[in-house]
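Written below as structure tokens is the structure these notes are about.
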Amino acid sequence: MSDSGLHVYVPLLIHLLAAVALAGALTVASVVVGWRRPSRAKQQAYECGMEPTGDARQPFSVKFCLVAIVFILFEVEAIFLLPWAYVFRDMTKMSAGIGMYGFVEMIIYIGVLLVGYFYLWKKGALDWHR
């Protein structure tokens, strides 16, 4: 064996090659075995079982983007805040764990989140009946 240590990645390489080969084989099998009977109904765009009406390039409300921003803010907050709270555990043990530096960083993070929430509040994104 060499001293580079790359031999430990051989199982990963074999796994990736097997995954790519399986995906390729299933795609080829689908093309070869699958039926191709196109019809007008099958060629139309499918939208929730409803007949498509109007132009697909209509402008849509900014409300959609604001709802997406709210979703991202909630998800990012959960991703970072919950593990931080688990590690931080007790504020009386500032010398253990992540300490005062982690506390200050989280206060800054929560401040940035609050700026996002206030922006969305002022834009009316949190008023669902509007």
Side-chain angles (χ1 to χ4, degrees):
M1 293 276 175
S2 65
D3 291 333
S4 67
L6 293 178
H7 65 279
V8 297
Y9 292 107
V10 171
L12 179 63
L13 180 64
I14 292 171
H15 184 90
L16 288 175
L17 288 175
V20 168
L22 180 63
L26 290 175
T27 303
V28 168
S30 173
V31 169
V32 170
V33 177
W35 292 356
R36 286 177 284 293
R37 295 184 182 167
S39 67
R40 181 175 168 91
K42 289 181 181 178
Q43 298 298 326
Q44 280 187 331
Y46 178 76
E47 294 186 18
C48 306
M50 298 172 57
E51 291 290 326
T53 58
D55 187 14
R57 289 165 179 76
Q58 294 176 353
F60 57 92
S61 174
V62 177
K63 180 90 170 168
F64 175 78
C65 295
L66 293 177
V67 169
I69 291 172
V70 169
F71 175 75
I72 289 171
L73 280 174
F74 278 116
E75 290 301 311
V76 169
E77 179 182 11
I79 287 171
F80 288 111
L81 194 59
L82 293 176
W84 173 83
Y86 179 75
V87 171
F88 194 71
R89 294 192 186 199
D90 192 4
M91 286 184 51
T92 60
K93 299 176 186 174
M94 286 301 210
S95 60
I98 55 178
M100 192 62 165
Y101 176 76
F103 180 72
V104 171
E105 288 294 320
M106 191 50 68
I107 294 298
I108 292 170
Y109 172 72
I110 291 172
V112 170
L113 278 177
L114 286 176
V115 168
Y117 286 132
F118 286 133
Y119 171 76
L120 291 171
W121 184 29
K122 290 294 182 186
K123 289 291 182 180
L126 301 177
D127 184 17
W128 301 113
H129 301 290
R130 200 174 118 183

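- Remark: Thr27 OG1 to Leu22 CG distance equals 9.0 Å, nearest 0.5 Å.
- Note: the hydrophobic cluster containing Val115 does not contain Ile108 (ILVMFWY, side chain heavy atoms under 4.5 Å, direct or indirect links).
- Inter-residue side-chain proximity for Tyr109 and Val76 is flagged as met; some heavy-atom pair is nearer than 4.5 Å.
- Rounding to the nearest 0.5 angstrom, the gap separating the CG atom in Leu6 from the CG atom in Leu12 is 12.0 Å.
- A pairwise comparison of heavy atoms in Val8 and Gly5 identifies CG2-O, 3.1 Å as the closest pair.
- Hydrophobic clustering keeps Val20 apart from Tyr9 (ILVMFWY residues linked when any side-chain heavy atoms are closer than 4.5 Å, directly or through intermediates).
- In the hydrophobic clustering of ILVMFWY residues, with side-chain heavy atoms under 4.5 Å counting as a link, Leu114 and Ile72 come out together.
- Note: Tyr117 and Phe74 have tilted aromatic rings, judged against thresholds of 30 and 60 degrees for the angle between ring planes.
- The shortest non-hydrogen separation linking Val31 to Arg36 is O-NH1, 2.7 Å.
- Transitive grouping of hydrophobic side chains (ILVMFWY, heavy atoms separated by less than 4.5 Å) keeps Val10 and Leu16 in distinct clusters.
- When the side chains of ILVMFWY residues are joined at heavy-atom separations under 4.5 Å, either directly or via intervening members, Leu81 and Val112 end up in two distinct hydrophobic clusters.
- Within a 6.0 Å radius of CZ in Arg40, no more than 12 heavy atoms belonging to other residues, nucleotides or ligands are found.
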